[in-house]
Asks: 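Quick one: the structure is below, questions incoming.
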Amino acid sequence: MLLSRTHHSARPSSLARPATRPRGLVLARASSANVRVVVDTKSLMRLSKAELVELVVQLEQDKAELQADLALFNPKVTAGSGLSAADSAAARTARSLAESSYDDAMTSSAPAESSMLEAQAKQLDFDSTEALIQALKDGVAWPKEGTEFWKGAPRREGEAFVLSDDLQDVNDVGEEKTTRPLHVVHVTAEMAPLAKVGGLGDVVTGLGAASLARGHAVDVILPFYECIDTNQVEGLCMDRTFQSPSDTSGGQLTFEAWRGAIEGVPVVLLKPLASNFFRGSAIYGGSYNETQAYLVFCRASLEFMAQAGLQPNIIHAHEWQASAVPMLYWELFSSTMSAKPVLTIHNMDNTGECRQDEFGATGVSGETFASVDKALDERTIGHNPERLCLLKGGIIYSSAVTTVSPTYAKETLSGGGAGFLQSTLARPEVAGKYVGILNGIDNVTWNPATDPFLPACFSSYVPEGKAICKAYLQRGLGLEEDPDKPLVAVISRLVPQKGIHLIEHAAVHAVENGGQFVLLGTGHAAGGLQGLANDRYRDNKNVSMMFMYSDALSHLIYAAADVFLVPSMFEPCGLTQMIALRYGGVPLVRSTGGLADTVFDVEGGGSDDGSLGAGTQGNGFVFHGVDGYSIETTLDRAFAMYRNSPEAWKALSQRNMRNSISTSWEQSMSSYEQLYLGVQ
Ligand code: ADP
């Protein structure tokens, strides 16, 4: 097969691991001249069928030229076995071969699938593939309707088994070690799963783990929130107490620094004593001044590094909460440390407005930064008092600034996505250091083949578990237990950014058209959806909306979803659509920010009959409008394909699980690594 995927997990011998593992897909192999061309998979995902075929033909021509060159030096190499540029008949043959191989690879991978399934059954000591699937079904501890079933064990005792990971080789490739190890210290308000509210927490853990896997040293500094479950921290122990300034008149706060690890990533938790900062039952929204709390935390993070004798190469600050770190670093610490500060902006909705006197909580007067070229918020010029913008300060004082997708980076430079910060980002000295790097998802946490939250694991080669997960969720939530109803899901913070009015339209439309709708979310904009849940859909067997936060339930919903909805007004990156892909869901998204970078319409902008035409490269459904009609017609297309072309839908779901390679941290990690090295 021309488009041969090199990533398989339970490998029959014919799919043995190559001696040197390439990063991406092997596109062409020259038989006599031992040439192998590897194209990075993310780029490949962007190519249309025609472009891909042209690329293959071009590679064949290059191969011929290379062989001719090699033949000059080595008589064992036969010149001319490749394709000459002038040979149009051979070019036609190569093109037609490439086209049919493409169609094979994209639409019918049945033979490979059945042999992978057999290999999987054998590996797990089952006599047959049927026995494997039966065991998956038999082990389920079916939930009782109306209970908090997501808190219980999803499988009967002793009945758990995991499958081989679709992306095993991708994860392995990510473990190739760097030759230039760096020490990276992250300063952040969130880290999953310990202190997670949204994607920020996932990204810090995922990037930290990917950096470690590459051989870099990593520390993550995080506030010691009162509400965290310390059982989630491996090896938690007190490292030291230290003093850190908390005002401009010599006031100090005593901090305890606790060390441990989250999913193997070293963490330092800073606890201010004799203060109510970071107390309360939630990560955000405690009854203290949040701006001051994070300012004190920023100063304490740098004090900790200095007092612990850390000499990081990179101090990686995240969001407005950590933006004072680069500012304070250059002001106070750069004479004794030789780090370079990097800032990642995960969302420009919150910019960290700060009164100048509030900034004094760092021990440094806010006046130091109160000029337009530093951190002054231009919108407040002439006000009394004028204010600072912490995110602006972070942008100005960092050696490199990233945001979380290329399209969002573009939007913030042109389309108003950055609000008043657009002019800061457009400054020539900033534009050169500002880049969009797509987030990945943590392939270990989000892995349907091994996920302990699921009643039945699944992979692209053993997809039966997904149907079991759907039935399990339907039963637990009291929905009609119908495998054929398309289950539409949303997992989201419920804030205006997420397109709440479109979610409401979709809920009604999905149910009116014979589907089911499941939502998990919290947020101040939940009102309309709560109204629907309490009135129109009270006791409806096809709707379930849960206004709460639950990691366990989120895993179950990703696993059960057929269509996963992300109709955001803007979306810096978005992780939920990527997780949905990994779990074999089909995302339906509004084309903005990172959604535009990760979800491609199955019709490639073509017909509206919902069929998956040959050669389409899509992985979901995409719309552009902000009106109800846009999302409704897109939902219609998805339902049409689900009902009219079940085989194509199944193939799409399985392909999405396998192609989640494009959402792993591997690619993003190498972009971050280049960025880290580039600022040294
Ligand atoms: P954002 O960072 O804007 O919230 P992302 O899509 O980047 O959006 O990340 C959201 C993350 O938070 C995902 O991991 C998602 O599963 C999780 N999440 C959001 N809401 C909930 C909820 N109510 N319960 C559990 N997990 C949630």
Asks: Any chance you could measure L520, atom CG, to S492, atom OG, to the nearest 0.5 Å?
Replies: 9.5 Å

Asks: To the nearest 0.5 Å, what is the distance between CG (L581) and CD1 (I441)?
Replies: 8.0 Å

Asks: Under 4.5 Å between any side-chain heavy atoms of I437 and V404, yes or no?
Replies: no

Asks: Find the distance between CE (M191) and CD (Q232) and round it off to the nearest 0.5 Å.
Replies: 11.0 Å

Asks: Can you tell me if T205 uses its side chain to pair, donor with acceptor, with the backbone of G201 under 3.5 Å?
Replies: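 It does hold such a pair.
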
Asks: Donor-acceptor pair, distance only, cut-off 3.5 Å: does the side chain of S459 make one with the backbone of V462?
Replies: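 Yes: the side chain of S459 pairs with the backbone of V462.
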
Asks: Are the side chains of M545 and L532 in touch, meaning some heavy atoms are under 4.5 Å apart?
Replies: yes

Asks: Run the salt-bridge test on D562 and K485 with the 4.0 Å N-O cut-off and return the result as yes or no.
Replies: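 Answer for the salt bridge query: no.
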
Asks: Anything under 30° is parallel, anything over 60° is perpendicular, the rest tilted; go ahead and classify F564 against Y558.
Replies: parallel

Asks: Does a side-chain heavy-atom distance below 4.5 Å link F623 with L588?
Replies: yes

Asks: Near K122 NZ, under 6.0 Å, is it more than 12 heavy atoms from other residues, nucleotides or ligands?
Replies: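 Open.
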
Asks: Considering all heavy atoms of both residues, which atom of I228 and which atom of L194 are nearest to each other, and what is their separation?
Replies: CG2-O, 3.7 Å

Asks: Measure the shortest side-chain to side-chain distance between W665 and V203 over non-hydrogen atoms and say whether it is less than 4.5 angstrom.
Replies: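 W665 reaches V203 side chain to side chain.
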
Asks: Checking N619 against R655: is there a side-chain donor and acceptor pair closer than 3.5 Å?
Replies: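 The answer is no; no qualifying pair exists.
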
Asks: Is the closest side-chain heavy-atom distance between V140 and Y472 below 4.5 Å?
Replies: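 With C-beta onward as the side chain, the pair touches.
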
Asks: Considering residues at least two apart in sequence or located in another chain, which fulfil the salt bridge (Lys or Arg N to Asp or Glu O under 4.0 Å) criterion with R475?
Replies: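 Per chain and number, R475 pairs via salt bridge (Lys or Arg N to Asp or Glu O under 4.0 Å) with E481.
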
Asks: Can you pull out every salt bridge (Lys or Arg N to Asp or Glu O under 4.0 Å) where at least one residue sits in residues 545-557? Sequence neighbours excluded, please.
Replies: none

Asks: What is the minimum heavy-atom distance between F547 and A526, and which atoms define it?
Replies: CD2-CB, 4.1 Å

Asks: How long is the straight-line distance from CD1 of I503 back to CD1 of I500, given to the nearest 0.5 Å?
Replies: 4.5 Å

Asks: Compute whether any side-chain donor of one residue and acceptor of the other, for N231 and D229, lie under 3.5 angstrom apart.
Replies: yes

Asks: List in chain and number order the residues that pass salt bridge (Lys or Arg N to Asp or Glu O under 4.0 Å) with R156, two or more places apart in sequence or in another chain; answer none if no residue qualifies.
Replies: E159

Asks: Spell out, as yes or no, whether a donor-acceptor pair under 3.5 Å connects the side chain of N644 to the backbone of A640.
Replies: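 Yes, the answer is positive, given that a donor and an acceptor are paired below the 3.5 Å cut-off.
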
Asks: Just wondering, do L553 and F453 contact through their side chains at under 4.5 Å, heavy atoms?
Replies: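 Side chain of F453 against side chain of L553, heavy atoms only: no contact under 4.5 Å found.
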
Asks: Going by atom types alone, do Y225 and E190 pair a side-chain donor with an acceptor below 3.5 Å?
Replies: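 There is no such pair between these side chains.
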
Asks: How far apart are the closest heavy atoms of R582 and W446, and which atoms are they?
Replies: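 In terms of heavy atoms, the two residues are closest at NE-O, 2.9 Å.
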
Asks: Please determine whether side-chain contact (heavy atoms from CB on, under 4.5 Å) holds for the pair V586 and L652, giving the CA-CA distance in whole Å, both sets of side-chain angles, and the decisive distance to 0.1 Å.
Replies: CA-CA 8 Å; V586 178; L652 174 62; 3.8 Å; yes

Asks: How far does CD1 of I491 sit from CD1 of I579, to the nearest 0.5 angstrom?
Replies: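 Nearest 0.5 Å value for the CD1-CD1 distance: 7.5 Å.
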
Asks: So, K470 side chain and A561 main chain: donor-acceptor pair closer than 3.5 Å or not?
Replies: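 It does not hold such a pair.
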
Asks: I need the minimum non-hydrogen distance between L136 and C457, along with the two atoms involved.
Replies: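 Distance-wise, the nearest heavy atoms are CD2-O, 3.8 Å.
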
Asks: Using the rule side chain to side chain contact (heavy atoms under 4.5 Å, CB included), only one of D451, L124, T450, L454 pairs with V162; which is it?
Replies: T450

Asks: Carefully, step by step, assess V233 and I262 under the rule side-chain contact (heavy atoms from CB on, under 4.5 Å).
Replies: CA-CA 5 Å; V233 188; I262 307 290; 3.9 Å; yes

Asks: Sequence neighbours left out, what pairs pass side-chain hydrogen bond (donor to acceptor under 3.5 Å, both in side chains) with at least one residue falling in residues 518-540?
Replies: E512-R536

Asks: Are the side chains of V444 and E263 in touch, meaning some heavy atoms are under 4.5 Å apart?
Replies: no

Asks: Please report the shortest heavy-atom distance between A489 and I557, naming the atom on each side.
Replies: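 Distance-wise, the nearest heavy atoms are CB-CG2, 3.6 Å.
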
Asks: Using the rule given for side-chain contact (heavy atoms from CB on, under 4.5 Å), can you reason through E632 versus N513, listing the C-alpha separation, both sets of side-chain angles and the distance that settles it, and then say yes or no?
Replies: CA-CA 10 Å; E632 286 167 11; N513 287 281; over 6 Å; no

Asks: Tell me yes or no: between the side chains of E480 and Q474, is some donor less than 3.5 Å from an acceptor?
Replies: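 No.
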
Asks: So, D627 and S630: side-chain donor and acceptor under 3.5 Å apart, yes or no?
Replies: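 Yes, because at least one side-chain N or O of D627 sits under 3.5 Å from a partner of the opposite role on S630.
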
Asks: What is the distance from atom CG of D601 to atom OG1 of T634, rounded to the nearest 0.5 Å?
Replies: 8.0 Å

Asks: So, using salt bridge (Lys or Arg N to Asp or Glu O under 4.0 Å) as the criterion, who are the partners of E145 when residues are at least two apart?
Replies: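 Partners of E145 under the salt bridge (Lys or Arg N to Asp or Glu O under 4.0 Å) test: K541.
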
Asks: Carefully, step by step, assess T407 and T592 under the rule side-chain contact (heavy atoms from CB on, under 4.5 Å).
Replies: CA-CA 7 Å; T407 297; T592 177; over 6 Å; no

Asks: Any donor-acceptor pair under 3.5 Å linking the side chain of R590 with the backbone of G625?
Replies: yes

Asks: Do H555 and W150 have ring centroids that are under 6.0 Å from one another?
Replies: no

Asks: Within the side chain of S668, is there an N or O that forms a donor-acceptor pair under 3.5 Å with the backbone of L438?
Replies: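 Between the backbone of L438 and the side chain of S668 there is a qualifying donor-acceptor contact (under 3.5 Å).
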
Asks: Under 3.5 Å, which donor-acceptor pairs link side chains of residues 565-578 to any protein atom two or more places apart or in another chain?
Replies:
from, atom 1, to, atom 2, distance (Å)
S568, OG, E571, OE1, 2.7
E571, OE1, K498, NZ, 2.9
E571, OE2, Q497, NE2, 3.4
E571, OE2, K498, NZ, 3.3
Q577, NE2, C573, O, 3.2
Q577, NE2, G574, O, 2.9
Q577, NE2, T598, OG1, 3.1

Asks: Strictly distance-based, threshold 3.5 Å: is any side-chain N or O of Q654 a donor or acceptor partner for the main-chain N or O of S460?
Replies: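 Yes: the side chain of Q654 pairs with the backbone of S460.
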
Asks: Using atom types as modelled and distance alone, determine if a side-chain donor or acceptor of Q120 lies under 3.5 Å from a backbone N or O of S164.
Replies: yes

Asks: Using a 4.5 Å cut-off on heavy atoms from C-beta on, say whether the side chain of H318 contacts that of L200.
Replies: yes

Asks: What closest approach, in Å, do V197 and Y549 show between heavy atoms, and which atom pair accounts for it?
Replies: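 Closest approach of V197 to Y549: O-CE1, 4.0 Å.
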
Asks: In plain terms, say whether R643 and D484 are close enough for a salt bridge, that is, a side-chain N and a carboxylate O under 4.0 Å apart.
Replies: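 Salt bridge absent between R643 and D484.
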
Asks: Looking at G584, is its backbone amide N or carbonyl O close enough to the side chain of S653 to form a donor-acceptor pair, meaning the two atoms are under 3.5 Å apart?
Replies: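 At least one qualifying donor-acceptor pair exists.
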
Asks: Kindly say whether P455 contributes a backbone atom to a donor-acceptor pair with the side chain of R155 at under 3.5 angstrom?
Replies: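 Indeed, once roles are kept as given, a pair shorter than 3.5 Å links the two residues.
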
Asks: Would a line drawn from the ring center of W142 to the ring center of F149 be shorter than 6.0 Å?
Replies: no

